[in-house]
There are 2 protein chains.
Amino acid sequence: MRIGRLAEASGVSRDTLRYYEKQGLIRADRWPNGYRDYPEGMVELVRLIRQGQSLGFSLKEIGALVQGLGGGLSQVEVEQLLRGKLAEIDARMKELSNLRAVVARRLAEACPLGLDAPGSLDPKRVAS
Amino acid sequence: MRIGRLAEASGVSRDTLRYYEKQGLIRADRWPNGYRDYPEGMVELVRLIRQGQSLGFSLKEIGALVQGLGGGLSQVEVEQLLRGKLAEIDARMKELSNLRAVVARRLAEACPLGLDAPGSLDPKRVAS
DNA sequence: CTTGACCTTAGACTTAACTCCAAGGTTTAC
DNA sequence: GTAAACCTTGGAGTTAAGTCTAAGGTCAAG
């Protein structure tokens with residue numbers, strides 16, 4: 001699979017894929033002519049990278065995880081890395097559920113009667 | 001409350017608070033000498049902004065929400081904005097739970113025996 | 001054998017979100 | 001009253017994550 005095909009399949013630009021390679025997030029074999037050659041499964045990995053990113057993880061963090069799994073880390077280190085990531089994901093889910101509650105509460109306030117209760121998000125009326 | 005106090009209480013730098021103001025995310029009254037004066041509740045709002053950010057929302061998105069709530073949007077528009085945000089949060093929670101499953105699976109694989117199953121995150125061994 | 005659609009690299013440019021600096025005014029502590 | 005610790009503005013610099021451009025190589029179709 002050449003870069004254009006991977007770009008189309010994964011929904012990121014060619015430039016971005018080359019950038020990810022430079023950052024060590026993905027790898028590519030090469031044809032004799034220098035063209036990059038990706039395995040099918042790369043689509044999955046790139047999608048995972050984008051997903052991680054959209055959830056607030058930096059490329060560096062994602063890279064550390066991906067690198068760690070592929071690279072020179074020991075069994076124990078990989079395990080710790082994964083456990084750490086898992087804890088972080090759990091924390092983030094909790095935060096997200098808090099945020100959801102805040103937005104849902106504000107919706108409940110705004111929706112039925114137009115009441116303006118304290119604790120609003122409104123920066124002009126924030127509680128003194 | 002002056003800017004230094006808010007910075008300390010909310011855990012962001014003075015510069016960042018001024019930047020948020022420039023971007024329209026927060027507002028401040030002024031003392032006659034020009035110093036910014038924040039209400040207590042501002043701490044809460046700033047924390048919320050940081051939380052939203054750490055969950056992958058841009059300042060622009062957060063600003064639209066905060067602005068919308070404070071600003072010239074109609075009842076219906078605010079309601080739509082909030083519903084949209086809620087849907088987005090739900091989608092993100094689902095993604096996060098997917099990501100959690102991927103990491104947890106990899107941990108289960110890596111942990112007990114060092115087996116290398118297909119579907120790994122490893123960029124060097126991604127399925128062909 | 002040339003046209004169009006691919007691919008390569010290196011490097012410049014862009015945007016978001018800070019972060020720092022300079023030059024100066026204010027307030028508090030001694 | 002002066003030194004330290006605040007505050008102000010404007011503007012420059014930084015980092016991450018792309019995005020774009022230039023100059024050129026490859027390949028299939030007509």
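Order of the sequence lines sets the chain letters (A, B, ...), proteins ahead of strands, with each chain counted from 1.
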*Hey, is the side chain of A:R18 poking within less than 4.0 Å of OP1 or OP2 on C:dG11, counting only N and O atoms?*
no
*When the distance from CZ of A:F57 to P of D:dA17 is rounded to whole Å, what number comes out?*
13 Å
*Any side-chain N or O of B:R36 under 4.0 Å from OP1/OP2 of D:dC6?*
no
*Provide, to the nearest angstrom, the distance between the CD atom belonging to A:E61 and the C1' atom belonging to D:dA16.*
12 Å
*Go through C:dA17, D:dC7, C:dT8 for me and flag the one nearest to the B:Y35 side chain.*
D:dC7
*What nucleotide, of D:dC27, C:dA17, C:dC7, holds the atom closest to the side chain of B:Y19?*
C:dA17
_Atom pair distance, as rounded to whole Å: CD1 in B:I49 and C1' in C:dA17_ = 13 Å
*Take A:R30 and A:D37 through the test salt bridge (charged side-chain N to carboxylate O under 4.0 Å, His left out) and record every step on the way to the result.*
CA-CA 5 Å; A:R30 297 294 181 126; A:D37 183 26; over 6 Å; no
*Would you mind reading off the distance between B:L25 atom CG and C:dA16 atom C1', rounded to a whole angstrom?*
13 Å
*Between C:dC6 (P) and A:M1 (CE): distance, integer Å*: 15 Å
*Heavy-atom neighbours of B:E8 CD exceed 12 at 6.0 Å*: no
*Whichever of B:R50 and A:G34 has its nearest DNA chain C nucleotide further upstream toward 5'*: A:G34
*Between B:Q53 and C:dC18, is there a side-chain N or O to OP1/OP2 distance below 4.0 Å?*
yes
_Is the phosphate of D:dA17 approached by A:Y20 (side-chain N or O, under 4.0 Å from OP1 or OP2)?_
no
*Apply salt bridge (charged side-chain N to carboxylate O under 4.0 Å, His left out) to the pair B:R92 and B:E95, showing each step before the final yes or no.*
CA-CA 5 Å; B:R92 226 161 262 214; B:E95 276 182 57; 5.8 Å; no
*Considering just the side-chain nitrogens and oxygens of B:R14, establish if one lies under 4.0 Å of OP1 or OP2 belonging to D:dC7.*
yes
*Would you say a side-chain N or O of A:R2 is under 4.0 Å from OP1 or OP2 of C:dC6?*
no
*asked:* Given the ring of B:Y19, does B:R14 sit roughly above its face, with NZ or CZ under 6.0 Å from the centre of the six-membered ring and within 45° of the axis?
replied: no
_Between B:E61 (side chain only) and B:S58 (backbone N and O only), is there a donor and an acceptor less than 3.5 Å apart?_
yes
*Taking only N and O in the side chain of A:T16, is any of them less than 4.0 Å away from OP1 or OP2 of D:dT19?*
yes
*Under 4.0 Å between a side-chain N or O of A:R30 and OP1 or OP2 of C:dT9?*
yes
*Quickly work out the B:D15 CG to D:dT14 P distance and round it to whole Å.*
16 Å
*Quickly work out the B:L17 CG to D:dT8 C1' distance and round it to whole Å.*
15 Å
*Whole-Å distance between C:dT8 P and A:L6 CG?*
11 Å
*Select from B:L59 and B:N33 the residue whose nearest nucleotide in DNA chain C is closer to the 5' end of that strand.*
B:L59
